[in-house]
Amino acid sequence: MNRDWIIDTASQVGKTVTIKGWVQTRRDHGKLIFIDVRDRSGIIQAVFWGGNSELFEQATALRSEFVVCLTGKIQSRGEKQINPDVPTGTVELAVETLEILNEAETPAFEIEKAAETNEETRMKYRYLDMRSDRMRNNIEKRHQIVKLIRDELDTQKFWEIETPYLTKGTPEGAREFIVPARLQPGKFFVLPQAPQQFKQLLMVGGVERYFQIARCFRDEDTRGDRQAEFTQVDMEMSFVEQEDVMQLNETLLIKIVETLYPEKRIQTVPFPRISYADAMEKYGKDSPDIREDKDDKNLLAFCWIVDFPMFEKTDTGSWTFTHNPFSAAMPEYRQQLRDKKDIGDIIAAQYDIVLNGYEIGGGSIRNHRAEDLTAVLEIMDTSPEKIESDFGHMLKAFKFGAPPHGGIAWGLERLVMLLQGEPSIRDVMAFPKTGDSRDILMDAPSVLSDKAIKEAGIKIL
RNA sequence: GGGCUCGUAGUGUAGUGGUUAUCACGCCUCCCUGUCACGGAGGAGACCGCCGGUUCAAGUCCGGUCGAGCCCGCCA
């Protein structure tokens with residue numbers, strides 16, 4: 001590829017290079033023009049000297065965000081001309097040729113001032129926002145975190161497997177996005193709120209160790225730390241107990257911080273473990289912020305929340321699960337679950353990972369025996385017909401030699417948000433949605449044609 | 001479903017119910033050979049989100065609406 005990265009030029013004095021990027025600023029001194037050129041890697045000062053040359057005339061026409069290809073020689077700057085604030089501040093590009101690859105209208109906001117610009121404008125012009133240091137750094141760091149996770153889980157013998165996005169609705173939990181099934185009029189797929197059932201079926205399938213960087217969809221109201229569409233680092237393992245899952249994940253989180261955020265300090269290692277009851281009593285929430293100094297930008301206080309009650313009473317007095325129906329009881333409570341005795345006292349083999357007051361993940365050991373899952377559903381007074389229609393496929397699968405298994409899922413954006421010190425998960429997503437889950441860049445959702453609606457087999461009320 | 005905050009040139013903002021709506025950045029023209037937040041001179045750009053009401057008079061007060069954000073509910 002015929003281009004040199006700007007960041008590399010700092011050590012390339014004397015070399016003739018080809019730089020491609022965007023014009024960040026222009027400082028026109030009449031017979032001397034400086035152009036700061038930006039690519040993904042950095043910024044370099046390009047110099048055009050005087051007179052009436054054709055090259056100089058071209059440089060006069062350059063404006064903010066023009067896309068250019070520059071060739072020339074990297075030269076070191078005079079001592080008084082060094083800019084210590086820029087990585088390439090000791091060198092500059094003596095331009096020999098300039099090609100304008102594309103012109104640009106005046107940007108909707110100054111790229112260098114994106115941080116002060118209204119978020120609505122930033123989202124509408126996300127492709128401009130992304131050119132800012134802040135957003136580029138967030139996107140790059142997110143990539144590096146995901147890559148580290150992939151590499152690490154690969155060495156731990158995990159397989160990355162994609163599970164369907166067109167799937168079956170789940171009976172409880174978050175409201176789901178629905179997708180009309182054209183070939184089965186009147187029937188619908190839903191988009192998964194999590195790959196939960198599929199990853200358990202992978203365990204039945206003998207995969208043993210699975211992970212996925214999985215997109216999940218929940219049609220609920222949003223928050224600064226919740227989007228309708230988000231990404232989970234989802235994993236599941238066979239032949240493990242709670243301790244194994246927690247250890248592996250703790251090690252992985254520590255490795256991410258130590259490798260990619262060496263300036264940050266983890267408050268306590270191993271991560272403290274707090275029972276659900278203690279967390280509620282002491283902090284009033286199950287995602288406590290246990291930082292000693294909440295003003296310390298480099299302090300990361302991880303903790304595990306454990307010993308969740310398996311069931312809680314609903315408003316109507318019946319039992320419901322606190323997490324999901326697939327969670328198993330702690331080993332010492334498994335007989336009690338089958339006997340359906342003292343239901344409110346049963347502790348689940350369930351764990352949440354919390355960072356600086358945010359739940360960044362949660363998981364459990366699952367019921368791998370059909371009778372245990374059935375017991376959970378019966379405790380909740382689920383009718384035999386509903387058990388069969390909603391969970392029959394899982395119960396059936398479990399009867400064909402399902403291994404003991406368990407797993408966890410992280411909210412990737414929340415983790416990246418906290419590591420990057422951003423106030424919202426929108427800031428670590430390339431194309432986030434607004435508070436009412438609209439995409440103001442693409443203008444979605446949008447009205448469909450009558451033909452498309454008819455083909456989908458649906459009617460608009 | 002509910003509560004709260006905000007909406008003024010391209011961007012960020014100032015603006016006691018009273019004349020021609022403030023400032024900075026950006027933009028345009030001209031000048032400038034070492035700037036890097038370049039500098040200098042000049043210029044354009046707003047009908048104050050939208051609709052209605054109160055008032056002699058509304059950017060300012062009231063109601064509604066649209067849009068953005070925060071929070072509660074919700075998020076197995």
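The model shown is predicted, which means the values in this text are computed figures rather than measured ones.
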Enquirer: Under 3.5 Å between N/O atoms: give me all the protein pairs with nucleotides 1-4 of chain B, atom names plus distance.
Expert:
{"unit_1": "G1(B)", "atom_1": "O6", "unit_2": "D221(A)", "atom_2": "OD2", "d": "3.0"}

Enquirer: Give a yes or no on whether the backbone of R215(A) and the side-chain of Y165(A) come within a donor-acceptor separation of less than 3.5 Å.
Expert: yes

Enquirer: Between C28(B), G69(B), C32(B), spot the one nearest the side chain of T434(A), thanks.
Expert: G69(B)

Enquirer: Using a cut-off of 4.0 Å on non-hydrogen atoms, how would the nucleic acid contact of Q81(A) be classed: base, sugar-phosphate, or nothing?
Expert: base

Enquirer: Is a side-chain donor-acceptor pair under 3.5 Å present for Y210(A) with D234(A)?
Expert: yes

Enquirer: Starting from P on A37(B), measure out to CD on Q45(A) and report it in whole angstrom.
Expert: 10 Å

Enquirer: Taking G59(B) as the reference, what is the distance to G40(B) when you measure between their P atoms (whole Å, please)?
Expert: 36 Å

Enquirer: Nearest to the R218(A) side chain among C75(B), C36(B), U33(B), which nucleotide is it?
Expert: C75(B)

Enquirer: Does any N or O in the side chain of K199(A) come within less than 3.5 Å of the main-chain N or O of M235(A), such that one atom is a donor and the other an acceptor?
Expert: yes

Enquirer: Taking only the P atom of each, what is the distance from U65(B) to U5(B) in whole angstrom?
Expert: 16 Å

Enquirer: On a plain distance test, is the side chain of R77(A) in donor-acceptor contact with the base of C36(B) below 3.5 Å?
Expert: yes

Enquirer: Measure from the side chain of K113(A), starting at C-beta and using heavy atoms only, and say which of G34(B), G67(B), C25(B) lies closest.
Expert: C25(B)

Enquirer: Report the nucleotide, chosen from G12(B), A68(B), C28(B), that has the shortest atom-to-atom distance to any side-chain atom of R438(A).
Expert: A68(B)

Enquirer: Given the structure, check if the side chain of R27(A) and the base of C32(B) hold any donor-acceptor pair shorter than 3.5 Å.
Expert: no

Enquirer: Could you give the CD1-to-C1' distance, from I33(A) to C32(B), as a whole number of Å?
Expert: 11 Å

Enquirer: Once you measure the plane-to-plane angle for F271(A) and W304(A), does it fall in the parallel (<30°), tilted (30-60°) or perpendicular (>60°) bin?
Expert: tilted

Enquirer: How long is the span from the CG atom in L201(A) to the CD atom in E236(A), to the nearest 0.5 Å?
Expert: 10.5 Å

